[in-house]
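Report on the structure given below.
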Protein chains: 2
Amino acid sequence: MTILNLKEYNIYIGPIGTELSRIIEAGNYSHVSLLVDENTHRHCLPFLTKKINVDYSVIEIGAGELHKNLESCRAIWTRMMQLGMDRHALLINLGGGVIGDMGGFCAATFLRGIDFIQIPTTLLSQVDASVGGKLGIDFNSIKNSIGVFRNPKAVFVDPTFLTTLPEGEIRSGFAEVFKHALIADAGLWNDLQAVGDWSSLDWLPVLERSLRIKQQVVEKDPFEKGLRKALNFGHTIGHAVESFSLKTDRPLLHGEAVAIGIVCESWLSNCAGTLPLAELEKITAFVRRLYPPYIFAETNFAEILSYMKKDKKNRGGVINFTFIRTIGQAEVNQTCEEKWIEESMRYYLTSMG
Amino acid sequence: MTILNLKEYNIYIGPIGTELSRIIEAGNYSHVSLLVDENTHRHCLPFLTKKINVDYSVIEIGAGELHKNLESCRAIWTRMMQLGMDRHALLINLGGGVIGDMGGFCAATFLRGIDFIQIPTTLLSQVDASVGGKLGIDFNSIKNSIGVFRNPKAVFVDPTFLTTLPEGEIRSGFAEVFKHALIADAGLWNDLQAVGDWSSLDWLPVLERSLRIKQQVVEKDPFEKGLRKALNFGHTIGHAVESFSLKTDRPLLHGEAVAIGIVCESWLSNCAGTLPLAELEKITAFVRRLYPPYIFAETNFAEILSYMKKDKKNRGGVINFTFIRTIGQAEVNQTCEEKWIEESMRYYLTSMG
């Protein structure tokens with residue numbers, strides 16, 4: 001068990017042991033509830049049950065981004081009240097990003113905030129959502145548009161849960177892992193070049209190094225005023241491609257879209273005169289090797305651009321980017337003309353085709 | 001203009017001058033919106049308009065506690081999006097407690113939090129809601145059960161707005177003023193004894209002293225872990241009587257109910273062996289002189305008690321009280337048997353009858 005000491009809480013990386021029960025006992029909570037979706041109820045809760053030695057209630061919601069909305073919050077808050085949860089109750093969120101973001105938001109707003117523990121069960125939520133205190137839901141089709149920043153009591157990152165995931169989910173989460181390398185750790189990037197077969201990968205060191213990068217960035221800029229925007233590398237275009245894909249019959253997972261965004265924004269970084277061509281080509285080849293190509297048409301560019309214009313990172317209507325100067329070094333608050341954004345998508349399509 | 005320097009923001013007490021525009025300009029906001037209800041739109045906005053020298057949009061909601069709910073939040077968030085408000089936008093909440101609490105909550109959760117300025121227009125919201133960062137809405141009939149703590153960018157407390165209020169609203173807000181005196185400032189309590197005619201009262205020193213008390217208490221305990229509970233004096237029974245009254249044809253204003261709660265909880269304080277009888281009688285006489293009696297029946301006691309049991313200040317089902325040891329000194333985390341709570345309501349009915 002590796003413990004990452006953040007300013008306000010710890011991340012416990014490794015198989016869940018007695019720490020979880022110790023923290024629950026020390027909190028002397030009036031009530032403990034576990035938020036799950038139908039998948040984590042079936043695949044993850046039986047495993048976790050053996051690790052918790054206090055009584056708890058289970059709150060279940062439907063699985064998937066579709067349920068990350070105000071109606072689900074209403075159902076969760078209502079259930080919390082029915083269970084008699086008060087200010088001294090604890091909510092444990094067992095699941096992927098939807099459960100963590102929405103369960104965290106419900107806890108952070110219930111009676112103006114109760115304690116919550118995050119147990120992310122997907123690679124994406126383990127490396128991305130477990131640091132930074134970003135909580136929230138989708139609203140009016142805009143992702144994460146309603147939410148708050150608030151830190152959990154603790155986070156448990158247990159690679160055991162990764163064995164329950166389909167390969168697509170692993171690939172999706174892995175985009176955040178190599179994004180962390182690209183913005184801040186050239187050494188990790190080099191080590192990741194050896195990745196081939198997911199099932200033989202030793203996840204513990206990868207999780208730990210990736211989480212340390214995110215920790216360093218977030219603690220310097222908890223409320224996303226500047227440096228933290230480095231984490232958005234690949235996400236301006238990635239989010240937009242994701243939103244676009246969700247309305248088609250081939251929806252992308254978040255990280256699959258981010259991998260596309262990383263290729264496009266690396267091209268823009270090169271175009272802006274920073275990232276050397278040889279490094280752009282390495283990144284492109286890496287994505288090509290690990291991710292299936294996503295085919296869309298030039299006629300879709302306008303719709304994808306329209307999503308970028310609604311991005312909450314924008315200021316006064318200008319689309320905000322993070323570029324990389326070189327592998328391992330990010331530059332925040334970059335802008336570029338729309339025609340170059342289109343050109344970057346053309347580059348993606350050509351190089352994957 | 002008196003400026004109260006809180007840790008994270010200032011409260012400007014006095015007629016609104018150029019400070020408001022200065023703060024808005026300094027914030028370099030991408031968009032400014034003003035949240036009003038139908039009353040403040042008519043009675044307060046025309047006055048404020050002259051003080052703001054930037055373009056702004058107006059968002060209007062229905063007036064009254066009835067509208068302090070998730071549906072109104074949905075409408076406000078949707079409108080904020082339609083107006084193109086981004087992370088760098090500002091929301092100004094112009095109104096009483098509903099506008100301040102709900103508008104603040106909507107701002108604190110919109111894109112994970114944008115700046116907001118509070119301009120409370122009722123006495124209650126000026127002395128109570130403008131310090132402490134408590135934001136939220138009612139949910140499932142439980143008052144303020146969904147919300148967050150977050151501080152505004154600034155608060156403007158302008159007594160000019162008090163001239164627009166009916167006498168009942170003044171009386172309601174005044175309960176918080178004399179509660180502040182009872183828990184922390186015997187000198188203020190003595191000065192308030194002279195209050196007779198509201199219209200001749202010099203509000204500035206009263207507002208300032210009352211706000212200073214709340215500031216001192218809140219800054220020592222921002223998240224209501226201990227000392228801040230002193231502010232709940234009169235509110236355990238007061239809230240419950242208020243909830244009860246809202247379902248009858250004679251609904252009480254919040255402060256009217258708090259005044260009843262103060263009499264009951266002063267009786268309990270005396271009963272617990274702390275507050276001297278002579279002081280209890282002074283408090284009772286004061287409430288009797290300034291507030292019309294509220295008549296309810298012993299058969300209503302059970303319903304009123306049931307509301308107390310749902311209070312979010314409770315822990316593990318035990319009803320939590322703040323008592324006063326003497327005028328000017330509070331004791332938090334007190335409990336008492338249900339029969340004494342009933343007896344205290346009997347005392348109120350007898351002494352007002």
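In this text the structure is predicted, and so the values were computed from the model without any measurement. Here is how names work: the chains are called A, B, and so on, in the same order as the sequence lines, proteins then strands, and each is numbered from 1.
For chain B, the nearby part of L135(A) is the backbone; its heavy atoms alone come within less than 4.5 Å.
Among residues two or more places apart in sequence or in another chain, the ring-ring contact (aromatic ring centres under 6.0 Å, His included) test is passed with F149(B) by F223(B).
Under the 4.5 Å side-chain criterion, counting only non-hydrogen atoms from C-beta, V155(B) is not in contact with I117(B). Taking the side chain as every heavy atom from C-beta outward, F233(B) and V332(B) never approach each other to under 4.5 Å. Side-chain contact between I213(B) and L211(B) is absent, with no heavy atoms from C-beta onward closer than 4.5 Å.
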Next item on the list: Could you please spell out the steps behind the side-chain contact (heavy atoms from CB on, under 4.5 Å) verdict for I59(B) and L34(B)?
Entry: CA-CA 6 Å; I59(B) 304 175; L34(B) 255 153; over 6 Å; no
Check: What's the verdict on side-chain contact (heavy atoms from CB on, under 4.5 Å) for L268(B) and I237(B), showing C-alpha distance, side-chain angles and the deciding distance?
Finding: CA-CA 11 Å; L268(B) 288 173; I237(B) 296 178; 3.9 Å; yes
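In this structure, CD1 in I341(A) is found 5.5 Å from CE in M308(A), a value given to the nearest 0.5 Å.
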If the cut-off is 3.5 angstrom, what donor-acceptor pairs do you find between chain B and chain A?
residue	atom	partner	partner atom	Å
N28(B)	O	R315(A)	NH2	2.6
E71(B)	OE2	R74(A)	NH2	2.8
R74(B)	NH2	E71(A)	OE2	2.8
T78(B)	OG1	N140(A)	ND2	3.3
D86(B)	OD2	G316(A)	N	3.0
R87(B)	NE	K312(A)	O	3.4
R87(B)	NH1	E224(A)	OE1	3.3
H88(B)	ND1	R315(A)	NH1	3.3
T109(B)	O	G147(A)	N	2.7
L111(B)	N	S145(A)	O	2.7
R112(B)	NE	L135(A)	O	3.3
L135(B)	O	R112(A)	NE	3.2
N140(B)	ND2	T78(A)	OG1	3.4
S145(B)	O	L111(A)	N	2.7
G147(B)	N	T109(A)	O	2.7
E224(B)	OE1	R87(A)	NH1	3.3
K312(B)	O	R87(A)	NE	3.4
R315(B)	NH1	H88(A)	ND1	3.2
R315(B)	NH2	N28(A)	O	2.6
G316(B)	N	D86(A)	OD2	2.9

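Contact count against chain A (heavy-atom pairs under 4.5 Å) is highest for I146(B) among L70(B), I142(B), I146(B).
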